[in-house]
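Predicted, not measured: the structure shown is a model, and the values here were computed from it.
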Amino acid sequence: MSNLLSRHRAVMPSWVSLYYDEPIEIVSGKGCRVTDSDGRSYLDFFAGILTNMLGYDVPEVREAVERQLRTGVAHTSTLYLIRSQVELAEKIAELSGIANAKVFFTNSGTEATETALLLATNARRSDQVLAMRNSYHGRSYGAMAVTGNRSWKNSSLSPVNVHYLHGTDRARFPHLSDEAFLAFCADDLRHVLDTATATDVACLIAEPVQGVGGFTAAPDGLFTAYREILDQHGILLVSDEVQTGWGRTGEHFWGIQAHGVTPDIMTFAKGLGNGFAIGGVVADGRLMDALPAYGISTFGGNPIATAAAKATLDYLLAHDLQAHAHRIGRMLIDGLRAAAERLPVAGDVRGKGLMFAVDLVDPDTGAPSPSLAGRVMEESKERGLLIGKGGLYGHTLRMAPPLTLSEDEARDGLGILVDSLTAVC
């Protein structure tokens, strides 16, 4: 592995980070477990950054891809009809809840963000965008511009004019009740529109649960309050469902549904392809059709990716994995909260469904501790559990297992996580 690591460092940018003091190469997987090049097995609680939604080596997905490969057509482009693309778009349009919806496929969530911004700014003839503090929407120029987390912003230059809102920073206002916090946020939005923006703001783009931000979320009902204000000004609502879509939060199929609103535009990616690269945008057909210039996607919605995605979505719905995520997630979050009460390094525990997190804090000061988070990751790896990291200060452990995680696997993973937290106390 040391040879591969040195080769990686020689040819890959230094800002492409690797987990662990001794990074691992994953060479095989089955179900919710993976194996590295040294033959060590791990229970995967991060799923390729929420991407291997059904786990590994799922027969239904593998067989769908193999059927397409046997045709000899791995790629055609959107210049030709693609049956699996149309069938997948029909399913997503119906599931979206957006009236007269149309779908455009991309290769990633970053590309989906770019498309959503294009649709909104074109419709409103404005470069003004509202976004949330501590948000993350991708690594490209436009997506980075609407990202509200300094650790992920490489440049202050921007193709859009952005103003950031409160909402997911609930912990900074402990003196306010939830009701008072929602009122404060709504008033802040009105004030931003009255003072900081010109007319015709294009959109608000928001993650219902922030991914890179550490699985922080606005209290349920915030985007209901925001939507009422946005509608008064004709401002569009874009829900970034790249990490919260497909039932992962357990309570709802789309994360935004926790707020009882239907957005004008939704972006999606990650778990839909169960490891195959696919993303996209679903929006009101009038918004989608309004772009004045030509547009194609060479690889977006290709036959292989859409065959995999269609099989993944069919499996997800047939096995009601949303309900499963709700049940198993509740068990994990409750168990982690109970353990955290006796662990001085464990701060806030939060989450919905199979998307949950714990902050690591200095036991003496309560300050965010990215170093402790790194130590817990190492301890978890040594015990055979893969987890993720994030948060505004890099002090949050993020867990998002495949939605097929069994109850026994959940208990095993929870036990390892608690043992690892205990080890650094």
With side chains defined as the heavy atoms from C-beta onward, is the minimum distance between [X] and [Y] less than 4.5 Å?
{"X": "E22", "Y": "K381", "answer": "yes"}
{"X": "I205", "Y": "H137", "answer": "yes"}
{"X": "T51", "Y": "N274", "answer": "no"}
{"X": "Y141", "Y": "L157", "answer": "yes"}
{"X": "N154", "Y": "W15", "answer": "no"}

Carboxylate-amine/guanidinium contact [X] [Y], below 4.0 Å:
{"X": "R62", "Y": "D57", "result": "yes"}
{"X": "R383", "Y": "E379", "result": "yes"}
{"X": "D220", "Y": "K352", "result": "yes"}
{"X": "R327", "Y": "E407", "result": "yes"}

Just checking, any donor-acceptor pair under 3.5 angstrom between side chains of [X] and [Y]?
{"X": "S369", "Y": "S371", "result": "yes"}
{"X": "N149", "Y": "N134", "result": "yes"}
{"X": "Q210", "Y": "T216", "result": "yes"}

Within the supplied structure, the quantity of interest is the number of heavy atoms (other residues, nucleotides, ligands) at a distance under 6.0 Å from [X] [atom1]; does it exceed 12?
{"X": "L317", "atom1": "CG", "result": "yes"}
{"X": "R83", "atom1": "CZ", "result": "no"}
{"X": "Q232", "atom1": "CD", "result": "yes"}

Shortest non-hydrogen contact from [X] toward [Y]:
{"X": "I256", "Y": "P263", "value": "CG2-CD, 3.8 Å"}
{"X": "E378", "Y": "D21", "value": "OE2-N, 2.6 Å"}
{"X": "A309", "Y": "L88", "value": "CB-CD2, 3.5 Å"}
{"X": "I387", "Y": "S380", "value": "CD1-OG, 3.7 Å"}
{"X": "G142", "Y": "E114", "value": "N-OE2, 2.9 Å"}
{"X": "L403", "Y": "A325", "value": "CD2-CB, 4.2 Å"}

Inset, instruction - Give a yes or no on whether the backbone of E60 and the side-chain of E63 come within a donor-acceptor separation of less than 3.5 Å. - result: no

Legend entry - Whether T106 side chain and G300 backbone form a donor-acceptor pair below 3.5 Å: no

Legend entry - Steps toward side chain to side chain contact (heavy atoms under 4.5 Å, CB included) verdict (E228, Y226): CA-CA 5 Å; E228 292 174 359; Y226 276 176; over 6 Å; no

Suppose the criterion is ring-ring contact (aromatic ring centres under 6.0 Å, His included): which pairs have a residue in [range], not counting sequence neighbours?
{"range": "residues 254-288", "result": "F223-H259, W246-W254, W246-F268"}
{"range": "residues 404-425", "result": "none"}
{"range": "residues 95-118", "result": "none"}

Inset, instruction - Run the numbers on I304 and F299 for side chain to side chain contact (heavy atoms under 4.5 Å, CB included), then give the verdict. - result: CA-CA 10 Å; I304 297 295; F299 290 107; over 6 Å; no

Legend entry - Given V282, V281, L237, the one that forms side-chain contact (heavy atoms from CB on, under 4.5 Å) with M266: V282

Quick one: pull up [atom1] in [X] and [atom2] in [Y] and give me the separation to the nearest 0.5 Å.
{"X": "D169", "Y": "C185", "atom1": "CG", "atom2": "SG", "result": "6.5 Å"}
{"X": "M53", "Y": "L354", "atom1": "CE", "atom2": "CG", "result": "11.5 Å"}
{"X": "E207", "Y": "T267", "atom1": "CD", "atom2": "OG1", "result": "8.5 Å"}
{"X": "N302", "Y": "S297", "atom1": "CG", "atom2": "OG", "result": "8.5 Å"}

Legend entry - side-chain contact (heavy atoms from CB on, under 4.5 Å) against P370, all qualifying residues, sequence neighbours excluded: H395

Residues forming a ring pair (Phe, Tyr, Trp, His ring centres under 6.0 Å) with [X], sequence neighbours excluded:
{"X": "H324", "value": "none"}
{"X": "Y315", "value": "H319"}
{"X": "Y136", "value": "W152"}

Legend entry - Pairwise side chain to side chain donor-acceptor pair (under 3.5 Å) hits with a residue in residues 280-295, at least two apart: K102-D289, D284-R286

Inset, instruction - Could you list all the salt bridge (charged side-chain N to carboxylate O under 4.0 Å, His left out) pairs where at least one residue sits in residues 252-276, not counting sequence neighbours? - result: R227-D264

With [X] via salt bridge (Lys or Arg N to Asp or Glu O under 4.0 Å) - residues at least two apart:
{"X": "R124", "value": "D200"}
{"X": "D359", "value": "R350"}
{"X": "D194", "value": "none"}

Legend entry - Chi angles and distances behind the salt bridge (Lys or Arg N to Asp or Glu O under 4.0 Å) call for R170, D348: CA-CA 12 Å; R170 175 74 181 89; D348 186 38; over 6 Å; no

Legend entry - Check: F215 ring centroid to F356 ring centroid under 6.0 Å: no

